[in-house]
Number of protein chains: 2
Amino acid sequence: MPESPEQSSLDSYNPKEFDTPIYSVDIAIFTLHEGQLKVLMVERNEYPYKDYWALPGGFVDLKKDSNINATARRKLVSKTGVDAPLLEQVSTIGNAHRDPRHWSITTLYMALIPYAPTAEFIEAVNEARWFPIEEIEQLQLAFDHSELLQLARERLKNKTAYTVLPIHVLKRPFSLSQLQKAFELLMDTELEKKSFRRRLLNADVLKEVGEGIPDGGKGRPAALYEPADGSENHLFVRVFGD
Amino acid sequence: MPESPEQSSLDSYNPKEFDTPIYSVDIAIFTLHEGQLKVLMVERNEYPYKDYWALPGGFVDLKKDSNINATARRKLVSKTGVDAPLLEQVSTIGNAHRDPRHWSITTLYMALIPYAPTAEFIEAVNEARWFPIEEIEQLQLAFDHSELLQLARERLKNKTAYTVLPIHVLKRPFSLSQLQKAFELLMDTELEKKSFRRRLLNADVLKEVGEGIPDGGKGRPAALYEPADGSENHLFVRVFGD
DNA sequence: TGACAATAGTGGCGATTAGCCAATAATACA
DNA sequence: TGTATTATTGGCTAATCGCCACTATTGTCA
């Protein structure tokens, strides 16, 4: 994270001087792309954990940030160029050993964003990269970020299970089959076609906008949908049971 | 909080010296007593907010606490004398104005404990008091603790709604009617008798341990129950739907 | 001792929903 | 025209919820 002034200024801190923990924010930013769930990682270029992949994150800017959610949002936008339909706290983790230099605390956030608008931004500006979730789970990450990532992934599962979130991150318009695949990726489970359709269509969050050919160009054309007007308010409609 | 060394040491801090936020932990400790949901509050005896009621809380002790959950647990035990079947993070709130002295961050926890073992401890040791939840909502609390309390209360509702938590905080043995009342208090809603019994008895978390006369001494004696062996592991059995 | 009040527990039923699987529909392509 | 592929619908069974009335067991009080 060479463009992170907080980081370098921190490195000059002498831990011995502190009787209060160091506080930071980390974000697991997820997206759906090429039929996979991916997460955005950045490569550290400073010690400790130089050259390791890490979650995007940073420190509260007492001048810019009116609150810590704003810190998270600022980090999200600076890494991806977009705001998110979902950005929420997962958990706060603090202990003496997660950073070898000092007692440190981080608040972990999770975000889910559409892939399309971020693609060039990320390639152009950052040393950031989208990793398929299975791939990143194999790597050793900086600090305790493997655990953080797992926490965020778990929260994403739960969140998807009882909201209608995925309709806000698919490229519009989308078919019910595409939507089902999105749910399945996010929830990491398979869903029954009939039940899925019943619930989604009854949930009253979709607006039909014509017909179209599915992805591969094969098979019967599907009805296409968009989020219904005001369905942001229905972000919390429960669609699935346990 | 006169016995809180962290607090007084903080008061000597000069905010201007900080370029990092002040970090603390607060706990909303709930219990059931006299047919009411109550929460434990402490009276501040220092400025700011001298003589206001506040949530129990404090600062991380870098020596004693291996992590922030340990900080919360230490605070819980020091205020109540007991550990809790439920102690969990609710949210982390940080901004520039919640403490008039400096940019401050707190991680809010919520705990639910049985009333009985705490009664004398609390009277004897602390300037702490159990408040019925409706009563405390009328008072102006220290800092942003009214909002924190509301967040914790909301989380308690949700948690109760899809776990079997209350069976761990009632005095044993208890009847299904008593248990239903506990759920209703915690969830702040009314439940259907038949459905409640069906679900609880099917959830396989209760062990019948004979019969007994209900509270008021009136009416037919009820079957009495205790948590089944190993039902701590079933803390997360979903008992209710939406 | 015999109503009556109060609380506990059960029976029954219609309406809804989940889960399963097969049948039908519409398209591309060989 | 036939086949592969994907979309959509139909139909059935089992489970569950919400509702309400009915039965059961006790204490109380005239």
From C:dA6, D:dT9, C:dA18, pick the nucleotide closest to the side chain of A:R199? C:dA18

Candidates C:dT27, D:dT8, C:dA8 - which lies nearest the side chain of A:A222: D:dT8

Exam field: side chain B:Q89 to backbone A:T92, donor-acceptor pair closer than 3.5 Å: yes

Whole-Å distance between C:dA5 P and B:K218 NZ? 12 Å

Presence of A:S177 side-chain N/O under 4.0 Å of D:dA7 phosphate oxygens OP1/OP2: yes

Sort me out a list of protein N/O and nucleotides 19-23 of chain C N/O pairs below 3.5 Å, or just none if empty.
unit_1 : atom_1 : unit_2 : atom_2 : d
C:dG19 : N7     : A:R198 : NH2    : 2.8
C:dG19 : O6     : A:R198 : NH1    : 3.4

Who passes side-chain hydrogen bond (donor to acceptor under 3.5 Å, both in side chains) against A:R98, sequence neighbours left out? A:S104, A:D144

Using atom types as modelled and distance alone, determine if a side-chain donor or acceptor of A:T163 lies under 3.5 Å from a backbone N or O of A:L165. yes

Length of the line joining B:R220:CZ and C:dA8:C1', which is rounded to integer Å: 5 Å

Distance, rounded to the nearest Å, where A:Q178 contributes CD and D:dT6 contributes C1': 12 Å

Spacing between A:L179 atom CG and D:dA7 atom P, to the nearest angstrom: 12 Å

Under the rule for ring pair (Phe, Tyr, Trp, His ring centres under 6.0 Å), what residues qualify as partners of A:F174, not counting sequence neighbours? none

Using atom types as modelled and distance alone, determine if a side-chain donor or acceptor of B:T106 lies under 3.5 Å from a backbone N or O of B:S24. yes

CG of A:L191 versus C1' of C:dA18: gap in Å, rounded? 12 Å

Whole-Å distance separating the CZ atom of B:R197 from the P atom of C:dT7: 14 Å

Want to settle it: does A:L201 or B:E211 sit nearer the 5' end of DNA chain D, counting the closest nucleotide to each? A:L201

Given atom CZ of B:F196 and atom P of D:dC17, what is their separation to the nearest angstrom? 13 Å

Can you measure from CG (A:N69) to CG (A:D65) and round to the nearest 0.5 angstrom? 10.0 Å

Output yes when a side-chain donor or acceptor of A:E184 lies under 3.5 Å from a complementary backbone atom of A:L191, and no otherwise. yes

Tell me the interatomic distance from A:E190, atom CD, to C:dA18, atom C1', rounded to whole angstroms. 17 Å

